[in-house]
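Reading through the structure tokens given below for one structure.
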Amino acid sequence: MEHVAGDLPFTYSEVGATSGEMPRGYHRFRVRRRIGYGRALFEHAGAAILDYRMQKGTGIFHDASTVKAEPGARVTVRLGVGPLAIIAPCRVVYVLAAPNQRGFAYGTLPGHPAIGEELFAVEYDSADDSVYGVVAAFSRPATWYTRLGGPVVRLVQRFIAGRYIKTLPSSPDRTR
């Protein structure tokens with residue numbers, strides 16, 4: 001019987017943990033950078049995230065079962081270069097639609113070289129009208145080659161997190 005990503009189990013038990021305190025036993029990180037100011041930017045950036053533009057903008061997007069991120073949607077990303085690249089399956093765990101937060105998290109499925117979850121979001125701070133891009137994740141190796149990569153894999157994760165945030169729209173006035 002062939003499985004579709006929607007019925008495959010997540011490869012970790014802490015599903016949804018990027019929405020709060022991330023679990024121990026994983027490499028954890030959170031990158032938060034101001035991308036500009038204003039409610040309009042927040043709304044625009046939030047819509048871009050839900051359209052998978054962070055993944056598309058970094059060149060890792062491969063496919064998704066929905067046009068916009070929604071719980072249960074299958075997402076595949078292409079990791080690596082050329083013939084060494086692999087297609088890594090994920091599924092959207094939840095979507096953020098709070099007044100000052102927009103985004104989604106996806107978790108790994110069997111066949112992904114990591115085990116864990118990643119959050120892609122934008123936050124609005126009404127105190128000073130700032131808008132922040134956020135990427136947070138917890139993960140650990142699922143394969144021999146990600147275990148072998150160790151610290152290098154973690155550095156690449158942080159580098160890509162910064163690139164994700166750079167893909168977001170920004171306001172023209174970044175000096176405020």
Side-chain angles (χ1 to χ4, degrees), residues 5-6 10-12 14-22 26-79 87-109 112-139 154 156-174 176:
F10 287 104
T11 56
Y12 61 104
E14 303 89 345
V15 176
T18 51
S19 66
E21 187 174 335
M22 291 192 273
Y26 292 86
H27 168 67
R28 301 173 286 179
F29 74 88
R30 177 179 166 91
V31 176
R32 183 177 188 255
R33 294 190 184 138
R34 184 171 37 229
I35 61 169
Y37 298 90
R39 194 78 191 176
L41 172 62
F42 167 74
E43 297 293 342
H44 185 61
I49 291 170
L50 294 177
D51 288 341
Y52 306 111
R53 288 225 206 113
M54 285 178 129
Q55 290 76 15
K56 290 174 182 176
T58 57
I60 69 162
F61 181 82
H62 182 259
D63 189 30
S65 63
T66 58
V67 175
K68 292 190 177 298
E70 60 185 59
R74 175 197 44 80
V75 180
T76 55
V77 293
R78 187 174 189 275
L79 305 173
I87 304 302
C90 304
R91 187 168 57 238
V92 175
V93 176
Y94 64 86
V95 171
L96 285 173
N100 295 326
Q101 290 182 308
R102 298 281 192 284
F104 73 94
Y106 59 43
T108 58
L109 298 174
H112 197 292
I115 294 169
E117 190 172 289
E118 194 162 17
L119 168 67
F120 310 94
V122 65
E123 297 175 346
Y124 176 74
D125 185 343
S126 59
D128 67 357
D129 208 32
S130 291
V131 180
Y132 295 89
V134 177
V135 177
F138 62 89
S139 66
R154 291 191 293 275
V156 169
Q157 272 187 314
R158 283 188 165 278
F159 173 75
I160 295 295
R163 286 190 55 209
Y164 281 141
I165 292 172
K166 285 181 182 180
T167 68
L168 292 173
S170 61
S171 64
D173 178 13
R174 295 186 86 148
R176 198 166 154 189

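Quick caveat: nothing in here was measured; it's all calculated off a predicted structure.
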Taking all non-hydrogen atoms of both residues into account, name the closest pair between [X] and [Y] and its distance.
X: A69; Y: V95; value: O-CG2, 3.7 Å
X: G133; Y: I35; value: N-CG2, 4.0 Å
X: E123; Y: V134; value: CD-CG2, 3.6 Å
X: I115; Y: T108; value: CA-OG1, 3.4 Å
X: A17; Y: F138; value: CB-CE2, 3.7 Å
X: M22; Y: A137; value: SD-O, 3.4 Å

More than 12 heavy atoms from other groups under 6.0 Å of NZ on K166: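 No, not enclosed.
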Hey, does [Y] have a side-chain heavy atom less than 4.5 Å from the side chain of [X]?
X: Y164; Y: V31; answer: no
X: V135; Y: M54; answer: yes
X: V122; Y: E43; answer: no
X: E70; Y: V92; answer: no
X: R78; Y: I87; answer: yes
X: Y94; Y: V15; answer: no

Distance-only polar pair, side chains of Y106 and T18, donor-acceptor under 3.5 Å: no
From [X] atom [atom1] to [Y] atom [atom2], the distance as rounded to the nearest 0.5 Å:
X: S19; Y: E117; atom1: OG; atom2: CD; answer: 7.5 Å
X: Q55; Y: D63; atom1: CD; atom2: CG; answer: 12.5 Å
X: H112; Y: L109; atom1: NE2; atom2: CG; answer: 8.5 Å
X: L96; Y: I49; atom1: CG; atom2: CD1; answer: 9.0 Å
X: R34; Y: S170; atom1: CZ; atom2: OG; answer: 12.5 Å

Test: E14 and R28 ion pair at under 4.0 Å: no
Test: R102 cationic atom under 6.0 Å from F42 six-membered ring centre, within 45° of axis: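 No, R102 does not sit over the ring of F42.
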Verdict with supporting geometry, L41 and Y124, side-chain contact (heavy atoms from CB on, under 4.5 Å): CA-CA 9 Å; L41 172 62; Y124 176 74; over 6 Å; no
Side chain D125, main chain A127, donor-acceptor under 3.5 Å: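 Such a contact is found between D125 side chain and A127 backbone.
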Aromatic plane relationship, F104 with Y52 - under 30° parallel, 30 to 60° tilted, over 60° perpendicular: perpendicular
Ring centers of Y12, Y26 separated by less than 6.0 Å: no
